[in-house]
Peer 1: 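I'd like to ask you about the structure that follows.
A, B, ... follow the sequence lines: proteins, then strands. Residue 1 opens every chain. Every value quoted in this text rests on a predicted model; they were computed, and no experiment measured them.
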2 protein chains.
Amino acid sequence: MVAGSGKSNGEDNGTDTSAPQIEVRTLADLARVAGVSAGTVSRALAGKSLVNTETRERIQALARQYGFRPNQMASKLRSRRTGVIGVVIPLGHEKRQSISDPFFLTLLGHLADQLTDSGYDLMLSRAIPDGTTDWLERITGSGMVDGVLVIGQSDQSKIIDRVAANYRPLVVWGNHREGQVHCVVGTDNEHGGRLSAEHLIASGARRLAFLGDTTGIEIEMRHRGAAAAAQAAGLPLTHIPVALANAEMGPQIKAALAMPDLDYDGIVCASDLIAMSALRVLYETGRAVPDDTQIVGFDDLPLAAQTMPPLTTIRQEIGDGARVMVEKLKSRIEGEDTSSLAMAPTLIRRRTTLR
Amino acid sequence: MVAGSGKSNGEDNGTDTSAPQIEVRTLADLARVAGVSAGTVSRALAGKSLVNTETRERIQALARQYGFRPNQMASKLRSRRTGVIGVVIPLGHEKRQSISDPFFLTLLGHLADQLTDSGYDLMLSRAIPDGTTDWLERITGSGMVDGVLVIGQSDQSKIIDRVAANYRPLVVWGNHREGQVHCVVGTDNEHGGRLSAEHLIASGARRLAFLGDTTGIEIEMRHRGAAAAAQAAGLPLTHIPVALANAEMGPQIKAALAMPDLDYDGIVCASDLIAMSALRVLYETGRAVPDDTQIVGFDDLPLAAQTMPPLTTIRQEIGDGARVMVEKLKSRIEGEDTSSLAMAPTLIRRRTTLR
DNA sequence: CAATGAATTACAATCGATTGTACGACGCGT
DNA sequence: ACGCGTCGTACAATCGATTGTAATTCATTG
């Protein structure tokens with residue numbers, strides 16, 4: 001019993017008695033200390049049953065004592081499994097090179113939670129498609145991740161499609177479109193846009209405006225839904241493009257809403273952030289919400305409940321979305337095929353609309 | 001000359017003529033195609049000068065043609081450099097297992113930008129110190145990252161200190177404290193708290209309240225600064241702890257501010273989010289801001305400019321902070337030593353205070 | 001008592017790229 | 001024509017863990 005003890009402190013007791021100061025960096029080091037082979041140590045630490053229970057516990061104790069942790073690179077190289085999921089945010093049409101969209105950030109937080117719970121690490125990449133079209137391949141082909149999640153398609157849908165044709169473990173957050181190859185999870189944005197406009201109409205609005213830049217497909221679909229609802233009711237809908245970037249948004253909205261020939265009593269906003277800005281602009285210009293002008297946001301971020309008055313908005317289930325994305329990705333890693341999912345958004349009635 | 005060429009296309013031209021469909025996954029594969037050795041391919045792709053210009057370009061062209069990308073795991077293992085920085089958010093005293101704090105999320109976004117620009121990848125870990133004390137070692141000791149950034153100390157300062165004693169490339173966002181071993185970058189929270197209270201006092205407030213839970217050291221220091229300013233002016237400051245978690249925050253603040261025996265005309269808030277909630281509660285209870293009650297936030301998140309009225313707040317330079325953190329981390333990776341930095345916060349006057 | 005087999009453990013190949021060193025070819029000067 | 005330096009490339013060791021297979025030990029049984 002305690003076979004290794006004699007060995008370990010028998011060899012190097014020339015200097016000091018308690019010898020926990022040998023550097024134990026590698027499996028081989030620990031194997032030497034334990035008096036076994038590296039392979040055995042590997043199996044012992046992995047908890048495999050092939051190794052004697054007693055030996056295993058002894059080795060595990062030694063590992064703890066020396067604070068030994070196996071090198072992940074070596075492990076991942078050999079086992080051909082990295083335990084890492086790449087999360088990519090393509091900054092497509094957005095000029096500013098910064099991850100700032102609170103919706104994406106919130107989704108990212110939820111993804112981090114889900115992935116951690118599934119035992120995966122998360123590698124975050126900000127991709128700026130600067131003309132090059134291989135920003136995704138750079139990640140999928142690096143051998144560094146077991147799968148990839150893309151947050152938002154931006155205007156890179158075709159590139160994603162091309163990659164997805166050869167790379168299976170890929171799930172995208174965004175708007176599903178006919179004929180799309182890649183697996184996408186997201187909200188039914190058109191439906192959301194329709195809900196928004198319909199609610200405004202039902203609340204008495206007769207002259208609608210849509211606030212948001214429709215370069216990205218998600219917002220384009222929201223606009224389409226709103227436009228469809230307006231058309232069905234025989235009402236006009238004016239499209240006012242405003243950037244998503246926070247800095248420019250305020251002034252842009254201010255300028256847009258102050259246009260003298262623009263007439264509106266109901267605003268469909270492409271995001272809660274836009275709605276919040278609009279709310280402020282309207283307040284400053286003396287228009288009462290919801291009495292003079294009604295507003296509906298999109299996303300239902302936590303802050304939507306904190307505006308004044310609290311924002312009526314279209315809720316996207318971010319937490320559910322993250323969970324579904326991770327589930328589908330895991331299935332795909334297992335080799336299964338998964339279909340896209342468009343989740344139904346819901347209207348959250350608060351106080352920026354009359355009903 | 002071209003010793004290997006006979007080998008490569010002599011063997012496998014039996015099937016088809018144009019052969020771009022050979023799987024080229026490894027350096028060796030590409031070497032075979034190019035008729036050179038793996039070592040040469042490695043050097044060619046790395047752009048080393050040891051290899052003939054012509055050969056190099058030929059190999060690079062082939063790599064592009066076959067869409068070859070070297071396996072990162074192997075590369076990192078051999079070169080003992082991962083090009084990855086771990087970013088950890090310790091969820092210390094926060095019960096909810098979710099990354100949601102918008103300030104941290106924003107900082108994370110900036111860090112992602114900075115790290116990307118420096119050629120690093122970012123590996124995100126959410127750490128829930130559930131009794132165990134090795135959540136940091138698990139990351140630093142894994143051999144998977146070249147350095148680690150910790151976002152927020154929470155109540156784990158001692159553990160971080162212990163790790164920092166043996167692990168150099170570590171930089172923390174948080175509040176510097178005397179005798180702290182690890183390198184921390186952050187705002188001078190005490191100063192910020194003082195600025196906040198002083199401004200309220202200068203604006204005429206006489207009965208102060210502090211809204212925020214002081215379990216984390218950052219907020220504790222903000223409270224301390226505010227308390228010092230109040231004491232210096234001979235004024236009272238009531239401490240009202242409220243959680244940071246969004247869900248509970250609203251009702252908690254509502255209950256707290258409605259306490260009948262609580263008297264206040266100036267509120268120091270521990271964060272913009274808290275301030276925003278307070279703003280709403282005050283509005284609902286019919287107290288005018290800033291005329292009846294003045295409020296100062298903390299952080300100066302983008303949304304602070306969008307509240308109604310726009311929020312006077314203490315600005316933390318998140319972008320600068322991220323830049324400094326990454327710079328210091330790079331220095332430490334190079335082996336240099338770096339000192340902590342407490343950045344001076346600034347008061348941003350908007351409309352929730354009278355001056 | 002030898003043979004069989006179960007349980008452990010050692011040995012060695014492997015994952016794929018990097019890098020130091022050795023080797024061959026070429027041009028040059030004398 | 002021979003020796004020498006330069007340039008380019010091949011060869012092989014290496015990073016550190018994993019894993020299939022061989023080898024060892026020990027108990028058991030015909």
Peer 1: Between B:N71 (CG) and C:dG16 (C1'), how many Å, whole number?
Peer 2: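 Going from B:N71 (CG) to C:dG16 (C1'), I get 6 Å.
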Peer 1: Atom CD1 of A:I59 and atom P of C:dT9: how far apart are they, to the nearest Å?
Peer 2: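 For the pair A:I59 CD1 and C:dT9 P, the rounded distance is 8 Å.
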Peer 1: Could you tell me the separation between the CZ atom of A:R58 and the C1' atom of C:dT9, rounded to a whole number of Å?
Peer 2: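 Taking atom C1' of C:dT9 as the reference, CZ of A:R58 is at 12 Å.
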Peer 1: Ignoring the backbone of A:S37, work out which of D:dC11, C:dG16, C:dA10 is nearest its side chain.
Peer 2: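 Nearest to the side chain of A:S37 among the choices is C:dA10.
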Peer 1: Starting at the 5' end of DNA chain D, which residue's closest nucleotide do you reach first, A:Q72 or B:S49?
Peer 2: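 Comparing both residues, the 5'-ward one is B:S49.
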Peer 1: Does A:R80 make a side-chain N or O approach to OP1 or OP2 of C:dG16 shorter than 4.0 Å?
Peer 2: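 So the side chain of A:R80 is within the cut-off, an N or O lying under 4.0 Å from OP1 or OP2 of C:dG16.
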Peer 1: Show, in sequence, the C-alpha distance, side-chain angles and deciding distance for A:D117 and B:R126, and conclude whether the salt bridge (charged side-chain N to carboxylate O under 4.0 Å, His left out) test is met.
Peer 2: CA-CA 10 Å; A:D117 290 346; B:R126 173 195 74 152; 2.9 Å; yes
Peer 1: How many Å lie between CG on B:L77 and C1' on D:dT14, as a whole number?
Peer 2: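 Result: 9 Å.
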Peer 1: Roughly, in whole Å, what's the span from NZ in B:K48 to C1' in D:dT9?
Peer 2: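 Value for this atom pair: 15 Å.
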Peer 1: Report the nucleotide, chosen from D:dT18, C:dT19, D:dA10, that has the shortest atom-to-atom distance to any side-chain atom of B:S42.
Peer 2: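 Between D:dT18, C:dT19, D:dA10, the one nearest the side chain of B:S42 would be C:dT19.
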Peer 1: Going by distance alone, is a donor N or O of one side chain under 3.5 Å from an acceptor N or O of the other, for A:R332 and A:T338?
Peer 2: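 Distance-only check passes for A:R332 and A:T338.
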Peer 1: How many whole angstroms separate atom CZ of A:R78 from atom C1' of D:dT18?
Peer 2: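 Roughly 5 Å, once rounded to whole Å.
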Peer 1: Separation of B:K76 atom NZ from C:dT18 atom C1', in whole Å?
Peer 2: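 Distance, rounded to whole Å: 14 Å.
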Peer 1: Are A:V185 and A:K328 close enough that some pair of their side-chain heavy atoms sits under 4.5 Å apart?
Peer 2: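 Counting from C-beta outward, A:V185 and A:K328 do come under 4.5 Å.
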Peer 1: Please list, in numerical order, the residues of residues 140-148 of chain A that have a heavy atom closer than 4.0 Å to any atom of DNA chain C.
Peer 2: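 Contacting residues: none.
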Peer 1: Which residue lies toward the 5' end of DNA chain C, A:T40 or A:S79, if each is placed at its nearest nucleotide?
Peer 2: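 Comparing both residues, the 5'-ward one is A:T40.
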Peer 1: Given atom CD of A:E23 and atom P of D:dG16, what is their separation to the nearest angstrom?
Peer 2: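 About 11 Å, once rounded to whole Å.
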Peer 1: A:R25 vs A:D29, test: salt bridge (charged side-chain N to carboxylate O under 4.0 Å, His left out). Steps then yes/no.
Peer 2: CA-CA 6 Å; A:R25 290 187 321 105; A:D29 291 346; 5.0 Å; no
Peer 1: NA contact type, B:R43, heavy-atom cut-off 4.0 Å: base, sugar-phosphate, or nothing?
Peer 2: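 B:R43: base contact, heavy atoms under 4.0 Å.
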Peer 1: At 4.0 Å (heavy atoms only), tell me whether B:T26 reaches a base, stays on the sugar-phosphate, or touches nothing.
Peer 2: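 The residue B:T26 makes sugar-phosphate contact but no base contact.
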Peer 1: Please test A:R162 against A:E137 for salt bridge (charged side-chain N to carboxylate O under 4.0 Å, His left out), starting from the C-alpha separation and ending with a verdict.
Peer 2: CA-CA 10 Å; A:R162 171 166 54 73; A:E137 276 103 340; 2.5 Å; yes
Peer 1: Keeping the roles fixed (side chain from A:S118, backbone from A:Q114), state whether a donor-acceptor pair exists under 3.5 Å.
Peer 2: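 Between the backbone of A:Q114 and the side chain of A:S118 there is a qualifying donor-acceptor contact (under 3.5 Å).
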Peer 1: Consider the side chain of A:S75, meaning its heavy atoms from C-beta on, and name the nucleotide among D:dG16, D:dA17, C:dA17 that approaches it most closely.
Peer 2: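 Side chain of A:S75 sits closest to D:dA17.
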Peer 1: Within the side chain of A:D146, is there an N or O that forms a donor-acceptor pair under 3.5 Å with the backbone of A:R81?
Peer 2: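 Checking the backbone N and O of A:R81 against the side chain of A:D146, no donor-acceptor pair under 3.5 Å is found.
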Peer 1: In terms of side-chain heavy atoms of A:R25, which of D:dA17, C:dG16, D:dG16 is nearest?
Peer 2: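 The nucleotide sitting nearest to the side chain is D:dG16.
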